[in-house]
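Proteins get letters first, then strands, A, B, ... in listed order; numbering begins at 1 in each.
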Amino acid sequence: MISKPRVRFAPSPTGELHVGNARTALFNWMFARHHLGEFVLRIEDTDEARSARSYQDSLLADLQWLGLDWDEGPSIGGDYGPYKQSERLDIYATHLNALIAEDLVYPCYCTAQELEDERQALILSKRMPRYMGKCRNLTPDERQARLSEGRSPSYRFKVSKETVVFDDLIRGPIKFEGEDVGDFIIVRSNGMPAYNFAVVIDDHLMNITHVIRGEDHLSNTALQIMLYRAFGFDPPLFAHHCLILGKDHAKLSKRHGSVSVGEFRRRGFLPEALINYLGLLGSSFADGREVLSRQEMVEAFSLERASKSGAVFDEEKLRWLNALYIRSSETGSLMTELAPFLREAGYPPESIDPDWLRLVIETVKNDLTTLADIGEHIGIFFDPPDDLSPEAETVLNQPKALQVVEVFDQGLAQEEGSPEEVYIRTIRYVKETLSVKGKALFMPVRAALTGRTSGPELELVFAVLGRDAARRRLKRSCEKIKDKFYKHGQEQQ
RNA sequence: GGUCCCAUCGUCUAGUGGUUAGGACGCUGGCCUCUCACGCCGGAAACCGGGGUUCAAGUCCCCGUGGGACUACCA
């Protein structure tokens with residue numbers, strides 16, 4: 001076992017937590033927990049234009065919701081802070097100066113337009129678009145001239161022609177040639193550090209031992225290793241996992257539908273289901289198990305089981321897991337999770353008797369795929385069946401159907417005891433009195449009671465409703481049917 | 001275009017030279033059952049192609065082909 005590894009998740013607060021990033025966080029978290037190491041959270045907010053405080057807050061909230069707790073980072077601190085890059089600017093400045101002193105970087109005065117022109121020219125001549133080093137060998141006088149024009153420089157790293165090789169923990173040896181990469185910017189003209197520069201410094205200073213991240217960072221790794229070499233730092237170990245893909249096999253993005261953790265939360269997915277599903281995407285667990293708690297995932301986790309090819313996000317399978325977790329949820333906690341969805345559906349839980357609500361949820365929880373489905377399943381207990389479904393009408397319009405309902409209602413009046421007992425005895429009474437059984441017996445009762453032809457077991461429905469409410473419904477449905485078919489039918493004759 | 005990565009059922013995956021190529025989601029047939037679900041039993045469904053290496057290749061090598069990522073003063 002690796003001793004005390006330190007890993008990090010370093011999102012930029014430019015939007016809601018994306019499931020792809022959540023999965024990266026999960027991999028890092030599982031790795032840390034499995035190896036009894038530390039999981040560090042760092043906020044990469046050096047893009048002032050796109051970063052927002054509200055996103056940082058939602059990022060932390062989503063991570064907590066998923067149950068991915070961090071050992072160091074925003075809101076809890078640690079020995080390697082600060083954990084927000086915007087608060088580490090002086091550190092980057094010091095490191096920039098160190099590279100300047102060694103002549104490993106140079107100021108670049110090119111404007112965005114000049115750079116764009118160079119790019120277009122290279123593309124036009126069918127060459128690889130990259131920075132050709134225009135400012136690399138400027139004389140002090142030339143630099144001074146540009147400065148006095150009011151240009152503020154960015155700083156570029158002098159890329160040498162050496163070969164960069166590293167051993168990816170998931171992909172094995174990977175090689176890049178220095179001559180394929182242009183001098184890249186490490187500090188922007190506004191003074192902010194560029195990504196590749198800041199990560200290297202932070203990962204080194206924060207003592208990160210394993211960098212586990214998406215495959216989209218594979219080529220950045222080459223640049224980062226060049227920087228590690230320039231600083232004389234030992235690079236960490238790298239592991240690049242595959243990306244999450246949409247149905248069209250392109251990197252999962254907004255146009256594929258729901259992609260943020262927040263969206264799934266709002267759509268009624270349980271954190272346990274999402275995290276379990278994410279752990280299954282592009283990886284697998286020890287003995288082939290697919291339904292695992294966080295703790296079991298941690299125990300069964302291994303980087304070696306991470307697959308190399310992209311994984312298509314399959315919402316169907318997520319839904320299956322979600323239904324599974326809802327079904328096995330303890331009803332009490334399910335009530336808490338359900339609260340916002342009940343409110344949304346027009347059944348504010350605070351205005352419902354909690355004991356009765358618990359009973360209701362108990363009987364419908366097997367039918368939910370997402371929490372947001374609650375509305376369509378709970379209606380039968382709240383709304384009298386004024387709106388008989390066409391199927392229910394058909395059932396009640398069969399010969400003897402109304403008679404079944406009426407005899408059932410009469411039987412109800414005579415029975416005493418618990419709702420279950422009353423129900424069972426009454427059903428038996430109808431069965432014997434009218435000599436009906438099976439569908440002919442139950443369906444009319446169900447249709448009249450709920451207005452539907454499908455739903456939870458009748459015994460449960462009856463128990464939830466109680467005798468009085470049940471009787472009112474039976475009468476009402478009978479009237480509806482008589483009204484619609486019987487009376488009108490006669491008038492038309 | 002350049003660089004890099006990847007390639008087992010529709011999808012997620014198991015498989016580390018010898019397997020009837022396994023599991024899961026989805027689809028589907030049946031059972032259970034008042035219905036819908038749940039559950040149980042069964043079915044269809046895959047090694048991208050071509051060369052090697054080997055007694056033996058899904059597994060190793062090469063070449064194709066296909067897909068993806070990156071190619072920003074975003075991270």
By nearest heavy atom, map Glu316(A) and Phe442(A) onto RNA chain B; which one lands nearer the 5' end?
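Checking each residue's closest nucleotide, the 5'-ward one belongs to Glu316(A).
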Between Asp180(A) and Leu318(A), which is nearer to the 5' end of RNA chain B once each is assigned its nearest nucleotide?
Asp180(A)
Sidechain-backbone polar pair: His18(A) side chain, Leu252(A) backbone, donor-acceptor under 3.5 Å:
yes
Using whole Å, what does the distance between atom [atom2] of nucleotide [N] and atom [atom1] of [X] come to?
X: Glu459(A); N: U35(B); atom1: CD; atom2: P; result: 15 Å
X: Arg171(A); N: A69(B); atom1: CZ; atom2: P; result: 13 Å
X: Gln120(A); N: G1(B); atom1: CD; atom2: C1'; result: 13 Å
X: Glu177(A); N: U3(B); atom1: CD; atom2: P; result: 10 Å
X: Met443(A); N: U33(B); atom1: CE; atom2: P; result: 16 Å
X: Asp248(A); N: G67(B); atom1: CG; atom2: C1'; result: 11 Å
X: Glu215(A); N: G67(B); atom1: CD; atom2: P; result: 16 Å
X: Lys308(A); N: C5(B); atom1: NZ; atom2: P; result: 11 Å

For nucleotides 39-44 of chain B, tabulate all protein N/O to nucleotide N/O atom pairs closer than 3.5 Å, reporting atom names and distance.
none

Base, sugar-phosphate, or nothing: which does Lys175(A) touch, judged by heavy atoms less than 4.0 Å apart?
sugar-phosphate
Any base atoms under 4.0 Å from Glu457(A), or only sugar-phosphate, or nothing? Heavy atoms, all strands.
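Counting heavy atoms under 4.0 Å across all strands, the contact made by Glu457(A) includes a base.
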Applied to residues 46-57 of chain A, the side chain to side chain donor-acceptor pair (under 3.5 Å) test, sequence neighbours excluded, yields Asp47(A)-Arg50(A), Arg53(A)-Asp57(A), Gln56(A)-Lys84(A)
In whole Å, what separates the [atom1] atom of [N] from that of [M]?
N: G58(B); M: G18(B); atom1: P; answer: 10 Å
N: C73(B); M: G15(B); atom1: P; answer: 42 Å
N: C27(B); M: C70(B); atom1: C1'; answer: 37 Å
N: A24(B); M: G42(B); atom1: P; answer: 11 Å
N: A37(B); M: A46(B); atom1: C1'; answer: 31 Å
N: U13(B); M: A45(B); atom1: C1'; answer: 15 Å
N: G22(B); M: C47(B); atom1: C1'; answer: 13 Å
N: U54(B); M: U16(B); atom1: P; answer: 23 Å

Check: Leu138(A) and Tyr109(A) side chains under 4.5 Å, non-hydrogen atoms
yes
Under 4.0 Å protein heavy-atom contacts per nucleotide of nucleotides 70-75 of chain B, with B for base, S for backbone only and - for none
SSSBBB
Counting primed atoms, P, OP1 and OP2 as sugar-phosphate and everything else as base, the B/S/- map of nucleotides 9-15 of chain B against protein heavy atoms under 4.0 Å is --SBSS-
Salt bridge (charged side-chain N to carboxylate O under 4.0 Å, His left out) assessment of Arg267(A) paired with Glu315(A):
CA-CA 12 Å; Arg267(A) 287 178 52 204; Glu315(A) 194 169 303; 2.5 Å; yes
is_close_aromatic([X], [Y]), centroid dist under 6.0 Å:
X: Tyr195(A); Y: His217(A); answer: yes
X: His256(A); Y: Phe313(A); answer: no
X: Phe197(A); Y: Phe184(A); answer: no

Who is the Watson-Crick or G-U wobble partner of [N], with both distances under 3.5 Å?
N: U54(B); result: none
N: G42(B); result: U28(B)
N: C74(B); result: none
N: U3(B); result: A69(B)

For Ser309(A), the side-chain hydrogen bond (donor to acceptor under 3.5 Å, both in side chains) test, sequence neighbours excluded, returns none
Tell me whether the rings of His240(A) and Phe166(A) are parallel (<30°), tilted (30 to 60°) or perpendicular (>60°).
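Because their plane-to-plane angle is over 60°, the rings of His240(A) and Phe166(A) count as perpendicular.
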Between His210(A) and Phe31(A), what is the ring plane arrangement, given parallel below 30°, perpendicular above 60°, and tilted in between?
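Answer is tilted, since the angle falls between 30° and 60°.
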Pairs satisfying salt bridge (charged side-chain N to carboxylate O under 4.0 Å, His left out), at least one member in residues 9-23 of chain A, at least two apart
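Those involving residues 9-23 of chain A are Glu16(A)-Arg266(A).
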To the nearest 0.5 Å, atom CG of Leu368(A) lies from atom CG of Leu270(A) at 10.0 Å
Should Phe238(A) and Ile225(A) be marked as a side chain to side chain contact (heavy atoms under 4.5 Å, CB included) after you check the CA-CA gap, both sets of side-chain angles, and the distance that decides it?
CA-CA 10 Å; Phe238(A) 294 97; Ile225(A) 287 177; 4.1 Å; yes
